[in-house]
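Structure first, commentary second.
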Amino acid sequence: MFDQVDAYHRPRSIREAVRLLHAGGSRARILAGGTDVIVQSDPSIRSLVDITQLGLSYIRKAGNAWAIGATTTMAELEDSAPIRGLAGGILAMAAAACGPVQLRNMATLGGNLANASPAADTAAPLLALDASVVLAGASRRRRVPLAEFFSAPGKTVLGKELLVEILVPAPPRGGRWGWSFLKLGRTESDISLVSVAAGLQLDARGTCKSARIALGAVAPVPLRAAGAEAILMGQKPTLARIAQACERVARDVSPVTDVRAPAEYRREMAGVLAGRALRDCAQQAGVTL
Ligand SMILES: Cc1cc2nc3c(=O)[nH]c(=O)nc-3n(C[C@H](O)[C@H](O)[C@H](O)COP(=O)(O)OP(=O)(O)OC[C@H]3O[C@@H](n4cnc5c(N)ncnc54)[C@H](O)[C@@H]3O)c2cc1C
């Protein structure tokens with residue numbers, strides 16, 4: 001493992017980390033918790049840039065949003081009172097579902113997103129929450145909506161940049177919200193076959209002011225189910241309407257067959273899980289189904 005690595009850097013500033021990334025060219029790799037980097041053991045890597053000493057482990061309020069530092073671990077997220085209180089705790093639940101506890105003590109939120117697995121468990125809740133990521137390059141910082149961050153399995157829009165922060169806006173006030181996160185895996189600590197995060201905001205008449213459905217592991221990148229959301233918007237979330245939205249979810253996903261499950265099973269379960277999540281949201285928002 002890593003026989004070819006000849007330099008291990010532990011920079012003390014973001015600027016230095018980015019400089020080391022540039023200096024190492026295509027053979028340099030950022031190392032956060034290492035739970036993906038070590039398992040992948042890419043033999044082309046020559047230098048590792050450890051970013052765990054950059055002061056990027058924090059959860060703090062930033063105006064109307066929560067700012068989460070990239071090296072915040074899954075364990076820190078699942079234990080955080082503000083994250084447990086945000087949107088029914090869907091991000092905390094997803095963090096708690098990321099593998100066994102030993103892993104969650106190491107694995108970081110930034111690493112989960114930058115690794116760009118279609119099955120990354122924190123992606124669906126963050127997409128449902130309209131999160132964005134802050135990327136730091138040599139000369140500037142840019143903010144990218146998470147919906148535009150993933151480009152293909154294992155690929156993102158990151159250049160020679162560091163993902164430094166995840167910004168999660170507080171959901172709009174008013175009406176009644178319900179939220180849900182569900183994960184289907186072969187075992188409790190395996191990665192997802194399907195994950196779903198959903199949120200419904202109902203107005204005083206019980207119609208959907210906001211409908212958010214995001215899925216993981218059922219397409220080349222984690223995605224929002226925009227077609228299904230449109231079916232719910234402005235409507236009462238009845239069982240029939242939810243069923244219609246779930247049929248649309250199952251139609252719109254494009255899963256692959258792999259060692260864990262066939263594509264058709266994932267497609268069907270995407271609809272099933274979306275249905276459970278939406279019914280859960282509707283009931284939390286006061287609807288009797
Ligand atoms: C046994 C096991 C079980 C797992 N179970 C799950 C699971 O249930 N759900 C799940 O979602 N994942 C799971 N994973 C995958 C992994 O643990 C997560 O993706 C984890 O969050 C990765 O974070 P890390 O800090 O360890 O990333 P690292 O391994 O350090 O890095 C991952 C990738 O992202 C890059 N990177 C890291 N941080 C940054 C940054 N700030 N800016 C730019 N690039 C960066 C690295 O260069 C690397 O390419 C599992 C892994 C193992 C080994």
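First listed ligand is number 1; within each ligand, the first listed atom is number 1.
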key: Lys183, portion touching ligand 1 at heavy-atom distance under 4.0 Å   = side chain
Any idea which atoms of ligand 1 are less than 4.0 Å away from a heavy-atom of [X]?
X: Val39; result: 53 (C)
X: Gly33; result: 24 (P), 25 (O), 26 (O), 30 (O)
X: Ala32; result: 25 (O), 30 (O), 37 (C), 38 (N)
X: Cys98; result: 7 (C), 8 (O), 9 (N), 10 (C), 11 (O)
X: Thr35; result: 16 (C), 17 (O), 18 (C), 20 (C), 22 (C), 23 (O), 24 (P), 26 (O), 29 (O), 53 (C)
X: Ala97; result: 8 (O)
X: Ala120; result: 11 (O)

Any N or O on [X] sitting closer than 3.5 Å to an N or O of ligand 1?
X: Leu158; value: no
X: Gly99; value: yes
X: Ile30; value: yes
X: Met74; value: no
X: Val37; value: yes
X: Asp36; value: yes

query = Which heavy atom in Ala277 sits nearest to a heavy atom in Ala198, and how many Å separate them?
reply = CB-CB, 4.0 Å
Validation: residues 280-289 side-chain donor-acceptor distances under 3.5 Å, sequence neighbours left out:
{"residue": "Asp280", "atom": "OD1", "partner": "Gln284", "partner atom": "NE2", "Å": "3.3"}
{"residue": "Asp280", "atom": "OD2", "partner": "Ser180", "partner atom": "OG", "Å": "3.1"}
{"residue": "Gln284", "atom": "OE1", "partner": "Trp179", "partner atom": "N", "Å": "3.0"}
{"residue": "Gln284", "atom": "NE2", "partner": "Trp179", "partner atom": "O", "Å": "2.6"}

message = I'd like to know if the side chain of Arg46 reaches the main chain of Ser44, judged simply by a donor and an acceptor atom lying under 3.5 Å from each other, with no hydrogens or angles considered.
response = yes
inquiry  = If we ignore hydrogens and angles and just use 3.5 Å, is the side chain of Arg266 paired with the main-chain N or O of Val256 as donor and acceptor?
reply    = yes
key: Candidate with minimal heavy-atom separation from atom 41 (N) of ligand 1, of Thr122, Leu103, Leu163, Asp190   = Leu163
For atom 25 (O) of ligand 1, the option (of Asn115, Asn112, Ile191, Thr108) bearing the nearest heavy atom = Thr108
request  = Applying side-chain contact (heavy atoms from CB on, under 4.5 Å), name anything that partners Val164, two or more places apart in sequence or on another chain.
outcome  = Ile14, Leu56, Val134, Ala136, Arg141, Leu162
